[in-house]
2 protein chains.
Amino acid sequence: MATQKKIGSINMSQVIRTIWLYEGISRIEISRTLGLDKSTITKIVNTLLGMGIVRNVSEGTAGPQGGRKPVKLAINRDFGYILGIEIQTDRYMAVVIDLQGKICFSYSNLINFSRRPLKKVFLEILQTITNRIEKTKLLGIVLGLPGLINSDKGIIHRSKPLNIIEDVYFLDSIIDLIEVPLLIENDANSCCWGELVFNRANISKNFIFVLGELREHQSSSIGKHVLAIGIGVVIDSKVHYGENFSAGEFQSVFREVTNTTQFSLPDNQFSRIEADQEIRKAVFQELSKNIALLVNVFNLSQVVFGGAIEEYKNEIIPILKDEIEKNWSYEYNTGCRISFSHHNAQSVAYGSACMFLEYLFSTPSVDTGQNEYLPRGIELFQLILSQKVNNNNL
Amino acid sequence: MATQKKIGSINMSQVIRTIWLYEGISRIEISRTLGLDKSTITKIVNTLLGMGIVRNVSEGTAGPQGGRKPVKLAINRDFGYILGIEIQTDRYMAVVIDLQGKICFSYSNLINFSRRPLKKVFLEILQTITNRIEKTKLLGIVLGLPGLINSDKGIIHRSKPLNIIEDVYFLDSIIDLIEVPLLIENDANSCCWGELVFNRANISKNFIFVLGELREHQSSSIGKHVLAIGIGVVIDSKVHYGENFSAGEFQSVFREVTNTTQFSLPDNQFSRIEADQEIRKAVFQELSKNIALLVNVFNLSQVVFGGAIEEYKNEIIPILKDEIEKNWSYEYNTGCRISFSHHNAQSVAYGSACMFLEYLFSTPSVDTGQNEYLPRGIELFQLILSQKVNNNNL
DNA sequence: TAATGTTGGTTTAAAAAACAAACCTATTGG
DNA sequence: CCAATAGGTTTGTTTTTTAAACCAACATTA
């Protein structure tokens, strides 16, 4: 059942992660943080220096009581880059980041699907992007999509926006055509990865990302919009997929079964959501009541909003705050923060790339479910390095 | 920050857990399950035999192609017993289980708090119980309580049923008076531990336990009852506490702020809940709509009911099934099972004891939050063994 | 400025775990 | 009785971590 991790790789991965989390940390501090002997850290860091993953960046200052100056360590930014791509019905967004999660490059354009399969469209986009970046240092690609997605097996189960109504074994079908590691992920979950990376040093362990987009209504003429909500869930600092990778699928508890939207608002009134503040208020209140239940039952410490809904930031905050309090029965406040994504239109693409970062810098846990295509931590680095050698030999 | 686990203790704990999960497993099977070399397993098992934790129970049968018969291993049931106690406003329940989770003994009685502090009442109960069981083999005690409870630090933050309105450092105040390890836990969470142990070999990784009790209404004369719901949450096979140990606190999204109950039903109608099936139907429907949201957003695979609410099993099942489906927007079914606790009135006490079992048989994960009073896995066994020696010397 | 103390980091030897291979045990099946 | 086979142990080797001694580089102060 469980596959044995080479025992040393755990500590090695932990050291990498620690340097990633605390840029400029010294060997001694790592040893204290992880509870390992300082000589062990010296050994591991030397290996990492040899692999080109880590760099000695500078000398720190000695303490007030004297002593040798600490040597600050950091991840080698030049090691490589990661590409995150978001594909929606009518447009895509590509973002390239370095190992620290800084955005190096981004590009966006419209898509015309015109009945072509996703695979073809994706390969076309990939062509466009890779023409614009240094290909040799590309470490991995992650594709963020709306829908029910099994990121461990690379399957798209369903996607209403992309008109996918049966299982598509996406990675299986494309893996041979691409020379770097590739993953797919649900769009709202991607945003969660983005938050995990962006706030990695001091993060909420339990939060949700509410991705609210204004989409064309399934069965309506152009111009009619509905608010489409996708939720990404992070529990215990891990993206939560649930039993069938359908976690995050949202429908309001107030919704009437006859409605085609996720809310109780009659379908025909939804088109006025952008124009009518009263309608927005009703919808946001309904959304907030639902979220409040999730926040309190799971004792979340944060709710992050992203997508087109961000525009209504000032309308949402007071409503949600109020509903969370109303749903709470004790006198003290649990202190759930409400915030908005820092990356605007790039939230999904950026977050997708961050998923790969987290794979690189995670410690392979004993019990965690496995991605079938990629290992984690130092093993992923080793995989990448071995592929680099192969590519150079060709 | 993170404290280093003695490296060997991880595999040792994993071996113990594996034997616990799969009673009668052989050394070879363990080695295959964990991906460790068979000689490593031999070594570890010998240590465990020496400690008295594990026993060679019998010989299996050789395979169809011959070969030596495997030796079946099992946890030594005689190693000791665990006591779980549930304290409610008016009664308590005590359950003693062995290391396999089988109930050996149970006892229940009424409580008269009469303004005495919980600590005093608890010590009294403990006296009564320990008089009835063999004290030398008692390995640990877990107390299950309604309210907001930090089980890692042993603090009772709030408990409306027990009239606790400020932090009580329960374990700190009592730890010196008791010679065996003691933990406290929220009652609904205890029930989750019970499910985790009872179905340990093939368990849902994500489920909730809905503990529904009929309690006297805060501000009412005797006889008036309300339905009090407490939820225990299990995500990724771990009891989920949230950021402040308040996970599981429930209030319906339909509730009016003026109500003192957790539902939208006016306070004065709640007393008829036991007599009037229509009122029950409305309440169960409201509860089910709330639960359905949780089930779908978190993609839970199971909802378990326990407490007095179990009596209405046949009324609840169809309503909840229906609401989960209505809240789901795809054509296929996510397959959330609905079940009822197997332990009736003993759910909380049994589950509390199981929490200690899970501590004994868990593998100390690298990143898991730590209980301040107790280690896990082999380290907890070692602690117990060292205390045994001390007690014998006195 | 020389002596002393302090802290960061490395080296070396010893220990602890895990593994690999040889070997023993106990079976089935000819 | 003899292979073939599978479970389990023993022995020796490799990997990984630690402990302790040591070096490096600083501050303080006599």
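Proteins come first, then strands; the chains are lettered A, B, ... in the order of their sequence lines, and each starts at number 1.
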Exercise. Round to the nearest Å and state the distance from B/Leu34 atom CG to C/dC19 atom P.
Key: 10 Å
Practice problem: Please state how far atom CG in B/Leu36 lies from atom P in C/dA17, giving the value in whole angstrom units. | Solution: 13 Å
Quiz prompt | Shortest side-chain distance from B/Thr42, nucleotide among D/dT10, C/dA20, C/dG9 | solution = D/dT10
Quiz item: When we call it a touch if two heavy atoms are under 4.0 Å apart, what does A/Thr40 touch: a base, just sugar-phosphate, or nothing?
Solution: base
Practice problem: Write down the distance between CD (B/Gln14) and C1' (C/dA17), rounded to a whole number of angstrom. | Solution: 14 Å
Exercise. Could you work out which one of D/dT18, C/dG9, D/dG7 sits closest to the side chain of B/Ile28?
Key: D/dG7
Quiz item: Does A/Arg27 put a side-chain nitrogen or oxygen below 4.0 Å from OP1 or OP2 of C/dT10?
Solution: yes
Quiz item: How close or far is atom P of C/dA17 from atom CG of B/Asp37, stated in whole angstroms?
Solution: 16 Å
Quiz prompt | Sugar-phosphate only, base, or nothing, as touched by B/Ser26 at under 4.0 Å among non-hydrogen atoms | solution = sugar-phosphate
Quiz item: Looking at B/Gln65, does any N or O in its side chain come under 4.0 Å of the phosphate oxygens OP1/OP2 on D/dA6?
Solution: yes
Exercise. Whole angstrom is fine here: how far is it from NZ in A/Lys43 over to C1' in C/dT11?
Key: 12 Å
Practice problem: Identify whether the distance between the nearest side-chain nitrogen and carboxylate oxygen of B/Lys137 and B/Asp78 falls below 4.0 Å. | Solution: yes
Self-check item: Whole angstrom value for the distance that separates C1' of D/dG7 from CG of B/Asn56
Solution: 12 Å
Quiz item: Is any side-chain nitrogen or oxygen of A/Arg32 closer than 4.0 Å to OP1 or OP2 of C/dG8?
Solution: yes
Exercise. Hey, which sits more toward the 5' end of DNA chain D by its nearest nucleotide, B/Lys38 or A/Lys38?
Key: B/Lys38
Quiz item: Is the shortest side-chain N/O distance from B/Ser39 to OP1 or OP2 of D/dT9 below 4.0 Å?
Solution: no
Self-check item: Which nucleotide in D/dT17, C/dG8, C/dT25 has an atom nearest any side-chain atom of A/Arg68
Solution: C/dG8
Quiz prompt | Spacing between A/Ile41 atom CD1 and C/dG9 atom P, to the nearest angstrom | solution = 11 Å
Quiz item: Does a nitrogen or oxygen in the side chain of A/Lys69 sit under 4.0 Å from OP1 or OP2 of D/dA25?
Solution: no
Quiz prompt | Student check: side-chain heavy atoms of A/Ile203 and A/Leu196 closer than 4.5 Å | solution = yes
Exercise. Verify the contact: side-chain N or O of A/Asn11 to OP1 or OP2 of D/dT17, cut-off strictly under 4.0 Å; return yes or no.
Key: yes
Self-check item: Check: A/Val15 and A/Leu34 side chains under 4.5 Å, non-hydrogen atoms
Solution: yes
Quiz prompt | A/Asn150 side chain to A/Tyr169 side chain, donor-acceptor N/O pair below 3.5 angstrom | solution = no
Exercise. Could you state the atom-to-atom distance from CD1 of A/Ile30 to P of C/dT10 in whole Å?
Key: 11 Å
Exercise. Please say which of B/Phe356, B/Phe79, B/Tyr359 ends up in a ring pair (Phe, Tyr, Trp, His ring centres under 6.0 Å) with B/Phe381.
Key: B/Phe79
